[in-house]
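Remarks on the structure that follows.
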Amino acid sequence: MKKAIVLLVFLFMNVIVFSQETEVKFDENLAKSLNADDYGMKKYVFCLLKSGTNTTTSKEETKKLFEGHMANIGKLAKEGKLVVAGPFMKNDKNYRGIYIFNVATIEEAKALVATDPAINANLLEAELIPWYATAALQETLKIHEKIAKKKM
């Protein structure tokens, strides 16, 4: 009898734990504010940055263009148009970094890419691909501000 009671308590506890793990914690207001679909997802444009064809620019000019590149990243992030950006580590594929644009179409992303001085000078080349991911990605920069001791 004692074993049966222990088994029932154990089963009851598992049912409670399992039901809590599968409980949906949907926040309709947050989902709407992030333009999430029913799956909590949305369209973005993924941008793969590669080394460009320009190899003749002076070091001084290259430095100036990349300062403009970084300023443009900050501007687009502040406007909410860029949700993720970052460089790749050294690699043999000439991949330099990524952008994830908070826009739904390639045309919109092309207009944003056109504001980057390093891309305009052909130091970088942008490859744009439609992408579907969590709408929560837009919250990344807000969180990043809370964990970064220093600004880039």
Side-chain angles (χ1 to χ4, degrees), residues 13-152:
M13 295 292 282
N14 280 327
V15 168
I16 290 173
V17 169
F18 181 73
S19 67
Q20 288 175 347
E21 289 177 9
T22 59
E23 182 180 322
V24 176
K25 295 176 176 92
F26 180 68
D27 182 333
E28 185 174 358
N29 292 331
L30 180 58
K32 281 182 181 178
S33 74
L34 297 175
N35 295 312
D37 64 15
D38 289 345
Y39 299 102
M41 308 282 276
K42 72 179 294 281
K43 292 179 184 178
Y44 297 95
V45 174
F46 180 92
C47 176
L48 178 62
L49 295 171
K50 301 184 279 189
S51 295
T53 57
N54 183 348
T55 58
T56 60
T57 303
S58 71
K59 285 188 179 193
E60 187 176 293
E61 183 64 17
T62 297
K63 182 179 183 224
K64 185 178 175 184
L65 289 165
F66 274 100
E67 286 171 357
H69 168 75
M70 295 303 292
N72 192 57
I73 287 171
K75 176 183 159 288
L76 293 175
K78 189 176 266 187
E79 292 172 356
K81 297 294 184 183
L82 186 64
V83 294
V84 173
F88 285 122
M89 307 311 266
K90 200 165 189 103
N91 64 79
D92 61 355
K93 298 196 183 292
N94 290 323
Y95 294 159
R96 301 291 297 276
I98 65 165
Y99 290 153
I100 298 177
F101 290 116
N102 191 14
V103 297
T105 68
I106 296 293
E107 290 73 29
E108 292 171 288
K110 281 181 181 177
L112 298 175
V113 164
T115 66
D116 190 310
I119 293 172
N120 289 331
N122 293 319
L123 293 175
L124 297 172
E125 178 185 318
E127 186 175 329
L128 302 170
I129 306 146
W131 194 50
Y132 184 65
T134 177
L137 192 59
Q138 299 165 86
E139 299 295 289
T140 302
L141 291 174
K142 292 176 190 172
I143 296 167
H144 180 78
E145 290 175 356
K146 295 177 183 179
I147 62 171
K149 281 186 180 180
K150 297 180 182 180
K151 293 198 182 272
M152 297 193 58

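For the atom pair CD1 (Ile98) and CZ (Phe46), the distance works out to 4.5 Å, reported to the nearest 0.5 Å. For the atom pair NE2 (His144) and NZ (Lys151), the distance works out to 8.0 Å, reported to the nearest 0.5 Å. Interatomic distance, NZ of Lys63 versus OG1 of Thr57, reported as 15.5 Å (0.5 Å rounding). For the atom pair Leu30 CG and Lys25 NZ, the distance stands at 14.5 Å (nearest 0.5 Å). Residue Ile106 holds its CD1 atom at 7.5 Å from CD1 of Ile129, rounded to the nearest 0.5 Å. The CD1 atom of Ile100 lies 5.0 Å from the CG atom of Leu137; values are rounded to the nearest 0.5 Å.
Heavy atoms only, all atoms of each residue included: Ala126 and Cys47 are closest at CB-SG, 3.6 Å. Counting all heavy atoms, side chain and backbone alike, Val45 lies closest to Ala109 at CG1-CB, 3.6 Å. In this structure, Lys50 and Arg96 approach most closely via the heavy-atom pair C-CG, 3.6 Å. Heavy atoms only, all atoms of each residue included: Ala121 and Asn54 are closest at O-ND2, 2.8 Å.
A distance-only check finds a donor-acceptor pair linking the side chain of Tyr44 to the backbone of Thr134 [under 3.5 Å]. Side-chain atoms of Asn29 never come within 3.5 Å of backbone atoms of Ala31 as a donor-acceptor pair (strictly under, hydrogens ignored).
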Practice prompt. Would you check, one step at a time, whether the test side-chain contact (heavy atoms from CB on, under 4.5 Å) holds for Leu124 with Phe66?
Written response: CA-CA 10 Å; Leu124 297 172; Phe66 274 100; 3.9 Å; yes

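Not counting sequence neighbours, the partners of Glu108 by the side-chain hydrogen bond (donor to acceptor under 3.5 Å, both in side chains) test are Thr105. For Lys64, there are no salt bridge (Lys or Arg N to Asp or Glu O under 4.0 Å) partners two or more places apart in sequence or in a different chain. Residues that satisfy the side-chain hydrogen bond (donor to acceptor under 3.5 Å, both in side chains) test with Gln138, not counting sequence neighbours, are Asn102. Every residue meeting the side-chain hydrogen bond (donor to acceptor under 3.5 Å, both in side chains) condition with Tyr132, not counting sequence neighbours, appears here in chain and number order: Asp37.
In the displayed structure, Tyr39 atom OH is contacted under 6.0 Å by at most 12 heavy atoms of other residues, nucleotides or ligands. Shown here is Glu79, whose CD atom has more than 12 heavy atoms of other residues, nucleotides or ligands within 6.0 Å.
Side-chain atoms of Ile119 and Leu49, non-hydrogen and from C-beta on, do get closer than 4.5 Å to each other. Within the 4.5 Å cutoff, the side chain of Glu139 has heavy atoms near those of the Leu34 side chain. Looking at Thr140 and Val83, their side chains never come closer than 4.5 Å, going by heavy atoms from C-beta outward. You'll find the side chain of Leu112 stays beyond 4.5 Å of the side chain of Leu82, heavy atoms only.
Judged as a side chain to side chain donor-acceptor pair (under 3.5 Å), the pairs with a partner in residues 115-124 (not counting sequence neighbours) are, in order, His69-Asp116, Asn72-Thr115, Tyr99-Asp116. For residues 81-94, no pair satisfies side chain to side chain donor-acceptor pair (under 3.5 Å), with sequence neighbours left out.
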